Number of protein chains: 2
Amino acid sequence: MTQVAAPKASRRTPADKHDERRKALAESALRTLGELGYARASLREIANNSEFSHGVVHYYFNDKLELIVYCVRYYKQRCVHRYDGVVAEATSPEDLAERFGDKLVETIVEEAPMHRLWYDLRSQSMFEESLREAVTQIDQSLEDMIARVLGRYAELAGVEPAIASPVAYGMFDGIFQQALLGYLNGRDGVLEDLRARVVELMPMLLAPRA
Amino acid sequence: MTQVAAPKASRRTPADKHDERRKALAESALRTLGELGYARASLREIANNSEFSHGVVHYYFNDKLELIVYCVRYYKQRCVHRYDGVVAEATSPEDLAERFGDKLVETIVEEAPMHRLWYDLRSQSMFEESLREAVTQIDQSLEDMIARVLGRYAELAGVEPAIASPVAYGMFDGIFQQALLGYLNGRDGVLEDLRARVVELMPMLLAPRA
DNA sequence: AAAAAATCTTGACACTCGTCAAGATTCGCG
DNA sequence: CGCGAATCTTGACGAGTGTCAAGATTTTTT
């Protein structure tokens, strides 16, 4: 991927190697961050779980915080279109609701560490101002994602959504976070509950028929 | 330690001095924790913002984590009945919804640091197993609190709630967290939005009339 | 192939952290 | 008062942190 069509005919853009390495580093860092969380993931630990040594971080990033923010943005870019398939393929409101619930469950099973990291970072941004800009952007893009899902759902049902997208996002995020917490705690039935709750909740978010 | 609470009628139980001090320490610690968050609040910083020296912590607590957990439980005990007045004094569904919205806004204005600490700790519990028990208990008591509010709301309306209490808690928690984040980011209108959203949302949580 | 630029490793620095122990201080009771 | 227990302070320890610089190594260019 990545190699942009530079005006030069060189096979590899010499300056893009930098970005490639930054991405590779971010990839490793995300693994460690998802395992240990923001506070306990040291640069040495991050480097140990990668193919690099601990000093190389400061060659590609000025700061630990710059690395973190880069990781967060990188993660956002990967994950914000996770539900586009649901929107595109659903054939009826009921179908969409079920696909959405399934996908939420799948997200927890497959990417629990990433999401607990996200909640960690969002909480940290309540204390650390330097994280707020990135967090705000990601939060907005997640809200947009929910808005697309709900919008399509309403469209398929032939009505308007009964709630604004920030409210919808807040609700689903809360329920998702709760399920993630329960999942990490090893509580039984959290995934089934999550799916059932979503399927049950969706119809309530539609305006009554005109 | 160890001396049991004797049945003496002495004005001050000699062993309760311990608990008193622990509470005072917790009070100070909570102030610092609310300011800096879980990760950046060191024992020295906590002690500096109190009347004690940094070594005294280990006289009253075995561990930093024991102090933190004690603080969390202490905080829970103080805050879990914050909405009881709303339940007790509301005279109609509409009245309750408005009081509830007002109280949520008031909570953010008056105790933002405490609540960002709570979200911080809950996130940390996704990584740190030793926090999970305390976090789970608090989470449950918060869910119960929401259940009381919604239950009374439905009662006043003469119908049943349309959603189970975990769902209700997840929803309100998500919306509240969103508002808190916006508030700390200095976004305008978050408080009014929060109140409006709650008032608008509550009726949708009731089962349609039989 | 040699020189230059880039990338990476290693080791050290200053600092902060939780923890603890030894001694100073205060308190309670005879 | 005086003595012992409770309480608190101080200072130190080892481990871990982010950061950086100097040199080794690799890659690119001439």
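Chain A is the first sequence line, chain B the second, and so forth, proteins listed ahead of strands; every chain is numbered from 1. Model, not experiment: these values are computed from the prediction.
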*To the nearest Å, give me how far apart NZ (A:K17) and P (D:dT29) are.*
11 Å
*Starting at atom OH of B:Y38, determine the distance to atom C1' of C:dG18, rounded to an integer number of angstrom.*
12 Å
*Rounded to the Å, how far apart are A:N48 CG and D:dG16 C1'?*
13 Å
*asked:* Going by side chain to side chain donor-acceptor pair (under 3.5 Å), name the residues that satisfy it together with B:Y183, two or more places apart in sequence or in a different chain.
replied: none
*Between B:S123 and A:S123, is any side-chain donor less than 3.5 angstrom from a side-chain acceptor?*
yes
_Nearest-angstrom distance from the residue atom CD of A:E20 to P of C:dT7_ = 11 Å
*Phosphate OP1/OP2 of D:dA6 contacted by B:H18 side-chain N/O (<4.0 Å)*: no
*Nearest-Å distance, CG (A:L25) to C1' (C:dT7)?*
12 Å
*Is the NZ or CZ atom of B:R22 positioned over B:Y70's six-membered ring, under 6.0 angstrom from the centre and within 45° of the axis?*
yes
*What pairs with B:R132 under salt bridge (charged side-chain N to carboxylate O under 4.0 Å, His left out), at least two apart in sequence or on another chain?*
none
_Contact pattern, 5' to 3', of nucleotides 8-15 of chain D - B, S or - by protein heavy atom under 4.0 Å_ = SBBBB---
*When the distance from NZ of B:K64 to P of C:dC17 is rounded to whole Å, what number comes out?*
8 Å
*Would you check if the distance from the ring center of A:F100 to the ring center of A:F172 is below 6.0 Å?*
yes
*For B:D63 and C:dC20, what is the distance between atoms CG and P respectively, to the nearest whole Å?*
8 Å
_Rounded interatomic separation in angstrom, taking NE2 from B:H58 and C1' from C:dC17_ = 11 Å
*May I ask you to decide if B:G34's main-chain N or O and B:R116's side chain share a donor-acceptor pair within less than 3.5 Å?*
yes
